[in-house]
Colleague: 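There's a structure below that I have some questions on.
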Protein chains: 2
Amino acid sequence: MGSRVTILDVASEAGVSRQTVTRAMNDMADISEATRKRVLEAAERLGYRPSRFARNLVNRQKTHALGLVVASFRNPYYTDIAADMLSGAAKRGWQVMIAAPDGELEDVLGVLSAQVDVLVGHFGGPEADLREAGRGLPVVNLELVSTLPGVHSVHVDLESGIVEAVGALRERGARRFGMVDSAYTQRFSRAYEPSPRREWFERAAGSQLTGVVVGEETISGGGQAFAELLRRHPDTDAVLMFNDLMALGAVQNAHALGIDVPGRVRIVGVDGLSLGEAVDPQLTTISLDRQGIASNTLDIAEILAKADFAPIAPIHRSVRTQMLWRGSA
Amino acid sequence: MGSRVTILDVASEAGVSRQTVTRAMNDMADISEATRKRVLEAAERLGYRPSRFARNLVNRQKTHALGLVVASFRNPYYTDIAADMLSGAAKRGWQVMIAAPDGELEDVLGVLSAQVDVLVGHFGGPEADLREAGRGLPVVNLELVSTLPGVHSVHVDLESGIVEAVGALRERGARRFGMVDSAYTQRFSRAYEPSPRREWFERAAGSQLTGVVVGEETISGGGQAFAELLRRHPDTDAVLMFNDLMALGAVQNAHALGIDVPGRVRIVGVDGLSLGEAVDPQLTTISLDRQGIASNTLDIAEILAKADFAPIAPIHRSVRTQMLWRGSA
DNA sequence: CACGGTCCCGTGAAGGTTCACGGAACGATC
DNA sequence: GATCGTTCCGTGAACCTTCACGGGACCGTG
């Protein structure tokens, strides 16, 4: 429980100076093989490990760290983005520190902001809190385009994707449109009521809208909401599910209820998860370019790094969607 | 592009000393309201942000950081563990930095080890590299029990779980056992050939073993391998799939091929993913206690922290499995 | 006037590492 | 024997923040 073993301890143990220890530890030149070995042994003996803080304090600007807030680890959409972010960051020499908002958003951001240079992710709260919780850090919002200064964003143009999907469904004969929305979005006040997806869908469906049912953002929640929607509006022949996870439950539930998909009702998800290939029929979905989100985010992060993370004019990038016609629609 | 803005810049901008800036930034006492406001404004104006390194250098011992190596973000088993680790760590005041081994394990561990106090995760390589790549950091291996000094482990007692599963399958009438193993494990030399799971299963099945087919560690890979297994050994009436992801493909493929599950063949997965509830019939699986893995890992991490991360005798914890009888077996 | 107390603020030091530079020892060269 | 170059190693400084302590200004009290 004694205090930490420092470079000086190793130096005196090996009978050399600090600098020589550094040379030995970092495989630098200007040191004899015998001395290097002696120092390394002393370090091993004492269990010496360089302080990452002191080290990074000296050569700052070297590596940058990005704090990623993952909305949920139970939805592959978010973990996919995290995966792309991670591999992309590694290629560009960035560190990624991940946090998941278990309780209060503030708690997560508080600890995270002390460790990183940029804050990135799906924060899922009123964005007024964002600037405050970030404590002066630049923020990249992956959820919606922000109007706050210092808050940048990468935005999925889902609206045109939904319009495209509804149009294509019409071409395939659909006339009565229903939707399952997420109950999750109701947790927040202004920013999310009603959900943008719902608004876009209702506008696209127009007079052909049958109804909207709200469900929990899980597989079973989607299945239940889907069944409820068909119970209330039996004439519905095309359903947009809030996301793929819920759509999986819909396909599954339709199968259990003996409802023909896409014969009687067409089902379309949102996200483009490869998981959609695991059900029968395979899930048709509006695919969101997760890799594009990640790379755009990292682009912004690098621009911010170039400006030494000083406040700059907000950057807003956008990625487009792509229809993935599989079996369910 | 100038150098970083430090506390001294803010101090001179506000016409005060360092310490007063600190007082203002950290909501400390002994400062007048007017001065605090003036300092905060100056900080805002300059975009000042305290260096996390310098700060943590001063009050060390405060927060500890854990480096988590996630084998794959495409398998919910690993992201589940990450989620549990993240929420558990937050509760205990730990930071988590996550990395995914995209290319070489060494690269990931190299950068990660500079940032954290403990290394944790599924490393999936020859463990000889582990001690080396950790660069003196304590390591907690989540994959197998290590014999190396300084490498601790949390181990899933899957062997008894497999024995239990095979026994229960026999009670249900199964007599011809087959398995789909992972091709992934063939990437590594000594430690993984053949995979422990396969050895345990072959021993448990004994003379009732029909055959083993190797497949890619994905949903479709599992489906293909499953079909191949049944083609080669049509009399197989019970199959252990390497993990749930592959088992999902098996159930799916059986459905497509018109094979009755569990009537003609029983399918058992490994992991206990909730995703298994999304297929029909729902997947029976040997559930691994992911939360237990996370909490045990954090326990070990805290013990290591108490010892200031100095080398101590390896700690090995173990968690048990639990059969989840759903529909497929 | 002397003294104590409060309020506000500043200076030295520490924390552990790396960079830049200087310097000693030694053999080689002219 | 003086000079030079090489090899190896050590000392001062810097990185940026916080902690511990001290000190001046001001007010009130005896």
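Just the heavy atoms: all of them, side chains too, but no hydrogens, waters or symmetry mates, feed the values below. Within every chain, numbering begins at 1; the chains are lettered A, B, ... in the order of the sequence lines, protein sequences first and strands thereafter. Keep in mind that this is a model prediction, so the values were computed, not measured.
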Colleague: I want to check one thing: is the phosphate of dC8(D), taken as OP1 and OP2, less than 4.0 Å away from some side-chain N or O of Thr35(A)?
Modeller: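 For dC8(D), OP1/OP2 do not have a side-chain N/O of Thr35(A) under 4.0 Å.
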Colleague: Please check the phosphate of dC9(C) (OP1 and OP2 only) for any side-chain N or O of Thr20(B) closer than 4.0 Å.
Modeller: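 No, because none of the side-chain N or O atoms of Thr20(B) sits under 4.0 Å from OP1 or OP2 of dC9(C).
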Colleague: Within the side chain of Asn26(B), is there an N or O that forms a donor-acceptor pair under 3.5 Å with the backbone of Met28(B)?
Modeller: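 Judged by distance alone, no pair lies under 3.5 Å.
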Colleague: For the pair Tyr48(B) and Glu13(B), evaluate side chain to side chain contact (heavy atoms under 4.5 Å, CB included) and give the outcome as yes or no after the intermediate values.
Modeller: CA-CA 11 Å; Tyr48(B) 166 69; Glu13(B) 170 84 8; over 6 Å; no
Colleague: For Thr22(B), which contact category applies under a 4.0 Å heavy-atom criterion: base, sugar-phosphate, or nothing?
Modeller: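 Touches a base.
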Colleague: Side chain to side chain contact (heavy atoms under 4.5 Å, CB included), that's the test. Do Leu142(B) and Met85(B) meet it? Break it down for me.
Modeller: CA-CA 12 Å; Leu142(B) 266 35; Met85(B) 206 79 86; 4.0 Å; yes
Colleague: Taking only side-chain nitrogens and oxygens of Ser32(B), does any of them come within less than 4.0 Å of OP1 or OP2 of dC9(C)?
Modeller: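 For dC9(C), OP1 or OP2 has a side-chain N or O of Ser32(B) closer than 4.0 Å.
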Colleague: Are side-chain heavy atoms of Leu86(A) and Ile98(A) found at a separation under 4.5 Å?
Modeller: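 Side-chain contact under 4.5 Å: yes.
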Colleague: Of the options dT17(C), dT17(D), dC19(C), whose atoms approach the side-chain atoms of Arg55(A) most closely?
Modeller: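 So the nucleotide nearest the side chain must be dT17(C).
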Colleague: Quick one: which of dC9(C), dT17(C), dT17(D) gets closest to the side chain of Tyr48(B)?
Modeller: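 The listed nucleotide nearest to Tyr48(B)'s side chain is dT17(D).
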Colleague: Could you write out DNA chain D as a dot-bracket string, with dots for unpaired bases, | for bases paired across to another strand, and Watson-Crick or G-U pairs counted at under 3.5 Å?
Modeller: ||||||||||||||||||||||||||||||
Colleague: For the pair made of CD1 in Ile31(B) and C1' in dC8(C), what is the distance, rounded to whole Å?
Modeller: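 Distance, rounded to whole Å: 9 Å.
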Colleague: To the nearest angstrom, how far is Leu57(A) atom CG from dG16(C) atom P?
Modeller: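 Distance check: Leu57(A) CG to dG16(C) P gives 12 Å.
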Colleague: What's the CG-P distance between Asp9(B) and dC16(D), to the nearest Å?
Modeller: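 So the CG-P distance, Asp9(B) to dC16(D), works out to 9 Å.
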Colleague: Should the pair Phe53(B) and Phe53(A) be assigned to parallel (<30°), tilted (30 to 60°) or perpendicular (>60°) ring geometry?
Modeller: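 Tilted, since the angle between the ring planes falls between 30° and 60°.
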Colleague: What is the distance, rounded to the nearest whole Å, between atom CE of Met28(B) and atom P of dC9(C)?
Modeller: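 Taking CE of Met28(B) and P of dC9(C), I get 13 Å after rounding.
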Colleague: Is there a side-chain contact between Ile312(B) and His152(B) (heavy atoms, below 4.5 Å)?
Modeller: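 Side chain of Ile312(B) against side chain of His152(B), heavy atoms only: contact under 4.5 Å found.
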Colleague: Would you please confirm or rule out a distance under 4.0 Å between OP1 or OP2 of dT17(D) and any side-chain N or O of Asn56(B)?
Modeller: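 Answer no for this pair, as no side-chain N or O of Asn56(B) is under 4.0 Å from OP1 or OP2.
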Colleague: In terms of the angle between their ring planes, are Phe73(A) and Phe73(B) parallel, tilted or perpendicular, with boundaries placed at 30° and 60°?
Modeller: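 Tilted, since the angle between the ring planes falls between 30° and 60°.
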Colleague: Expressed as a whole number of angstroms, how long is the span from Leu8(A):CG to dG15(C):C1'?
Modeller: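 Atom-to-atom, Leu8(A) to dG15(C), this comes out as 11 Å.
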Colleague: Out of Leu66(B), Val118(B), Asp117(B), which residue meets the side-chain contact (heavy atoms from CB on, under 4.5 Å) rule with Leu304(B)?
Modeller: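 Passing option: Val118(B).
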Colleague: What are the atom names and distances for every N/O pair under 3.5 Å that joins the protein to nucleotides 11-14 of chain C?
Modeller:
from    : atom 1 : to       : atom 2 : distance (Å)
dG12(C) : N7     : Arg18(B) : NH2    : 3.2
dG12(C) : O6     : Arg18(B) : NH2    : 2.3
dA13(C) : N6     : Arg18(B) : NH2    : 3.2

Colleague: Do the side chains of Met25(A) and Val10(A) get nearer than 4.5 Å, heavy atoms only?
Modeller: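 The answer is no, as the side chains (C-beta and beyond) never meet within the 4.5 Å cut-off.
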Colleague: Rounded off to whole Å, could you give me the CG-to-P distance for the Asp30(A) and dT6(D) pair?
Modeller: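 Between P of dT6(D) and CG of Asp30(A): 12 Å.
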